[in-house]
Amino acid sequence: MKRPFLMQMMPIVVGGLLLSGCMTNEENMTTAPDAGGEGGVSSSNDTTLTIAQGSDMVSFDVHDHSNTSTEAIHVNMFSYLVKNDVEGEGIVPDLATDWELVDDETWQFTLRDDAVFHNGDPVTAEDVKFTLERVAKDNTLQEHENYRQINEVEVIDDHTFLIHTNGPQPVMLNRLSRLGSGILPKDYIEENGWDHFLQEPVGSGPYQFVEWVRDDRVVLERFDDYFGGDVAVWDQLVFRSIPESSTRVGEVIAGGVDIAMNIAPIDWDRVNENEGTSIVEGQTNRTMMLVPNHREEYPTSDPLVREAIDLAIDNQALLDNLMGGSGTPTLTRVNPGNFGANEALHGEYRYEPDLAKELLEEAGYGDGLELTLHSPDGRYLQDRETTEVIAGMLSEIGIDVKIDFMEWSAYVDLRDAHEQKDLYLIGLTGSLWDAAHQLRHHTSMVAEDHIGYSNEEFDQIYLEAEVNMDEAEREQQYIDLQTMADEELINIMLFQLDSFYAVNDRIQFEPRLDEMWRVEEITLSE
């Protein structure tokens with residue numbers, strides 16, 4: 001669905017793409033002292049895999065971020081107790097060889113006995129206790145809400161432990177397979193301090209840390225003593241931060257990058273028509289949305305204003321004009337494939353600009369309204385362009401949008417400090433593969449401090465579902481919560497995002513639904 005103003009804006013959006021190079025800064029460089037070499041980015045070869053993301057990693061603190069592109073790097077450094085094969089067998093072993101539910105509030109795990117950290121220390125149950133109790137007890141950590149369900153980790157011996165939970169936890173295995181569950185080296189951190197760990201991180205995964213040049217690259221190298229053996233063909237991994245889509249494409253075409261993510265439709269032909277490179281498409285579990293501020297001092301606290309914004313946005317037109325028609329409009333951030341998805345809200349959207357104008361007038365803004373919209377620039381596919389087109393759509397109903405484009409780390413800091421103004425654009429995924437993860441963002445435990453939203457009924461249903469071992473009943477509770485979230489327009493949903501990668505044909509690569517870079521699955525083409 002193409003609208004007249006969209007046709008006017010698209011040349012502006014396309015013309016606004018700027019090419020930018022990556023610069024290094026010695027003050028931003030973190031390098032392992034025994035890494036060897038100068039740490040430069042190697043050109044693509046048969047032993048180095050180079051991947052370009054749109055933003056930099058945010059931290060090596062596995063507990064204090066909620067960033068998928070950061071976890072996508074971490075999964076190659078840190079091992080979990082279990083892994084979630086979201087497109088295959090479900091929960092599978094990693095550090096744990098077996099587990100059982102002893103009773104509704106107790107899980108017993110057995111660790112493998114051949115796992116060591118990158119500094120040579122063995123992985124033991126004490127490391128598990130240290131890791132999980134840190135995030136479970138420290139409510140200042142971003143991942144605390146996903147692990148506060150853990151009451152205690154009881155060590156039986158070096159390779160056996162119990163996890164005691166606060167009530168029944170039907171999705172505990174899912175929690176242990178995701179962001180925040182990477183097992184940390186207790187002795188190394190206690191002997192050297194947390195700041196030292198953040199500068200020289202140690203995990204037990206197939207790759208170990210070499211260097212991090214902020215806003216430029218993260219370099220990892222093969223860990224020869226990995227308990228899983230030689231799981232990948234790569235001796236070195238390089239994750240480069242390149243915000244501009246066109247620049248990422250240029251690097252793939254030039255051979256400096258093997259895989260580049262979030263490639264805009266304007267560049268697809270350029271990639272496909274170049275000898276030796278191709279566009280690879282994959283579905284994601286990510287939902288793009290606008291997050292309104294519900295605090296009284298902001299106009300977006302008025303339900304009429306939020307409804308007007310929702311009705312002013314043509315979700316399908318965004319996909320048609322900016323995403324090559326890929327992606328799916330939605331009214332929920334719990335996508336099919338996640339337990340508890342409300343499929344009646346997926347594939348749906350509302351677009352009634354005339355009614356939106358009436359609602360604005362009813363809210364007292366018949367003469368117009370000015371709002372600030374914060375947006376990352378380069379983190380998500382077409383994020384800048386999406387923001388600009390949304391601003392154009394809102395202008396059609398009398399809302400003057402002041403756009404605040406931000407570099408990713410500054411954007412993260414703004415959100416973490418809860419200093420955003422009226423609206424911000426973001427794409428959120430659900431690594432738990434259970435609606436509990438997505439819906440917790442609407443509870444007062446998270447939303448009250450972040451956006452000023454609180455609803456006692458929503459909280460009550462959510463907390464009841466969280467400990468409900470009756471699967472069918474819990475699923476219906478999640479469906480009802482999504483209906484409530486849509487009616488209240490806690491967030492304004494846009495679409496489920498598809499992702500597009502520029503890939504060197506020497507690489508065999510199939511995108512993962514969870515957007516992880518599990519490099520053992522990325523191989524050389526035969």
Side-chain angles (χ1 to χ4, degrees), residues 10 12-25 28 41 50-59 65-73 212-218 238-254 256-257 259-268 270-271 279 282 284 286-291 318 322-324 327 373-391 403-416 420 423-429 494-495 497-502 511 515 517:
M10 289 308 294
I12 298 173
V13 171
V14 173
L17 293 174
L18 302 176
L19 300 180
S20 62
C22 290
M23 301 179 66
T24 62
N25 182 331
N28 287 335
V41 176
T50 303
I51 296 171
Q53 301 191 136
S55 60
D56 193 16
M57 187 182 70
V58 299
S59 176
H65 75 88
S66 56
N67 183 256
T68 302
S69 60
T70 294
E71 187 190 11
I73 297 173
W212 178 17
V213 184
R214 294 178 187 272
D215 299 319
D216 185 3
R217 67 185 181 268
V218 176
V238 180
F239 298 93
R240 294 182 59 187
S241 172
I242 306 177
E244 291 293 341
S245 172
S246 293
T247 308
R248 293 195 295 275
V249 168
E251 287 287 346
V252 173
I253 289 175
V257 165
I259 305 172
M261 67 184 298
N262 292 347
I263 305 303
I266 191 175
D267 290 315
W268 294 351
R270 180 183 170 201
V271 174
I279 289 290
T284 76
R286 187 174 301 279
T287 304
M288 299 301 298
M289 67 192 76
L290 296 178
V291 179
L318 292 174
L322 298 176
M323 309 295 176
L373 171 55
H374 308 283
S375 172
D377 187 0
R379 168 63 182 91
Y380 308 110
L381 177 64
Q382 299 283 72
D383 51 11
R384 167 180 278 271
E385 293 76 11
T386 299
T387 300
E388 290 174 336
V389 173
I390 286 174
I403 300 176
D404 179 22
F405 286 118
M406 306 182 71
E407 181 272 328
W408 179 244
S409 61
Y411 177 85
V412 170
D413 289 344
L414 179 83
R415 291 182 60 242
D416 289 350
Q420 73 278 2
L423 293 163
Y424 66 80
L425 175 83
I426 196 166
L428 296 176
T429 186
L494 300 174
F495 49 82
L497 185 69
D498 286 355
S499 192
F500 299 86
Y501 302 80
E515 301 178 66
W517 299 116

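Worth saying up front: this structure is predicted, and the values here are computed from it rather than measured. Residue numbers count from 1 along this sequence.
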Worksheet entry | Worked verdict on Leu428 versus Thr287 for side chain to side chain contact (heavy atoms under 4.5 Å, CB included) | CA-CA 5 Å; Leu428 296 176; Thr287 304; 5.9 Å; no
| Step by step, would you call Leu318 with Gln382 a side chain to side chain contact (heavy atoms under 4.5 Å, CB included)? | CA-CA 10 Å; Leu318 292 174; Gln382 299 283 72; over 6 Å; no
Begin with the C-alpha distance, continue with both residues' side-chain angles, and end with the deciding distance and a verdict on side-chain hydrogen bond (donor to acceptor under 3.5 Å, both in side chains) for Thr386 and Glu388.
CA-CA 5 Å; Thr386 299; Glu388 290 174 336; over 6 Å; no
Trace of the side chain to side chain contact (heavy atoms under 4.5 Å, CB included) decision for Met261 with Trp517
CA-CA 11 Å; Met261 67 184 298; Trp517 299 116; 4.0 Å; yes
Go through the steps for Met323 and Asp498 under the test side chain to side chain contact (heavy atoms under 4.5 Å, CB included), then give the verdict. CA-CA 8 Å; Met323 309 295 176; Asp498 286 355; over 6 Å; no
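Of all non-hydrogen atoms in Gln53 and Arg248, the two that sit nearest each other are O-CD, 3.8 Å. Minimum heavy-atom separation, Pro376 to Leu425: CD-O, 3.4 Å. Contact detail for Val291 and Ile426: the closest heavy-atom pair is CG2-CG2, 3.9 Å. The shortest heavy-atom contact between Arg379 and Asn67 is NE-ND2, 3.8 Å. Ser245 and Ile263 make their closest contact through OG-CA, 3.6 Å (heavy atoms, listed as atom of the first residue, atom of the second, distance). Summarising the geometry of Ser69 relative to Ser55, their closest heavy-atom pair is OG-OG, 3.7 Å, with the distance given to 0.1 Å.
One distance of note links NE2 of His374 with CG of Asp404; it measures 5.5 Å at 0.5 Å rounding. Considering OH of Tyr411 and CZ of Phe405, their distance stands at 11.5 Å, rounded to 0.5 Å. Atom CD1 in Ile259 sits 14.0 Å away from atom CZ in Arg240 (nearest 0.5 Å). Taking CD1 of Ile390 as the reference point, atom CE of Met288 lies at 8.0 Å (rounded to 0.5 Å). Atom-to-atom distance recorded for Leu322:CG and Ile266:CD1 is 11.0 Å, nearest 0.5 angstrom. One finds the CD1 atom of Ile73 at 8.5 Å from the CD1 atom of Ile51 (value rounded to the nearest 0.5 Å).
Looking only at distances, a side-chain donor or acceptor of Glu407 sits under 3.5 Å from a matching main-chain atom of Ser409. Panel note: side chain Thr70, backbone Met57; no donor-acceptor pair is recorded below 3.5 Å. Side-chain atoms of Asp383 come within 3.5 Å of backbone N or O of Gly378 as a donor-acceptor pair.
Below 30°, between 30° and 60°, or above 60°: for Trp408 and Tyr380 the angle between ring planes is above 60°, a perpendicular geometry.
With sequence neighbours left out, the side-chain hydrogen bond (donor to acceptor under 3.5 Å, both in side chains) criterion links Thr284 to no other residue. Shown here are the salt bridge (charged side-chain N to carboxylate O under 4.0 Å, His left out) partners of Asp377, two or more places apart in sequence or in another chain: Arg384.
Looking at heavy atoms from C-beta onward, Pro511 lies in side-chain contact with Tyr501 at the 4.5 angstrom threshold.
Cation-pi check for Arg214 over Trp212 is met; the charged atom lies under 6.0 angstrom from the ring centroid and within 45 degrees of its normal.
In this model, no donor atom of one side chain and acceptor atom of the other lie less than 3.5 Å apart for Arg286 and Ser499.
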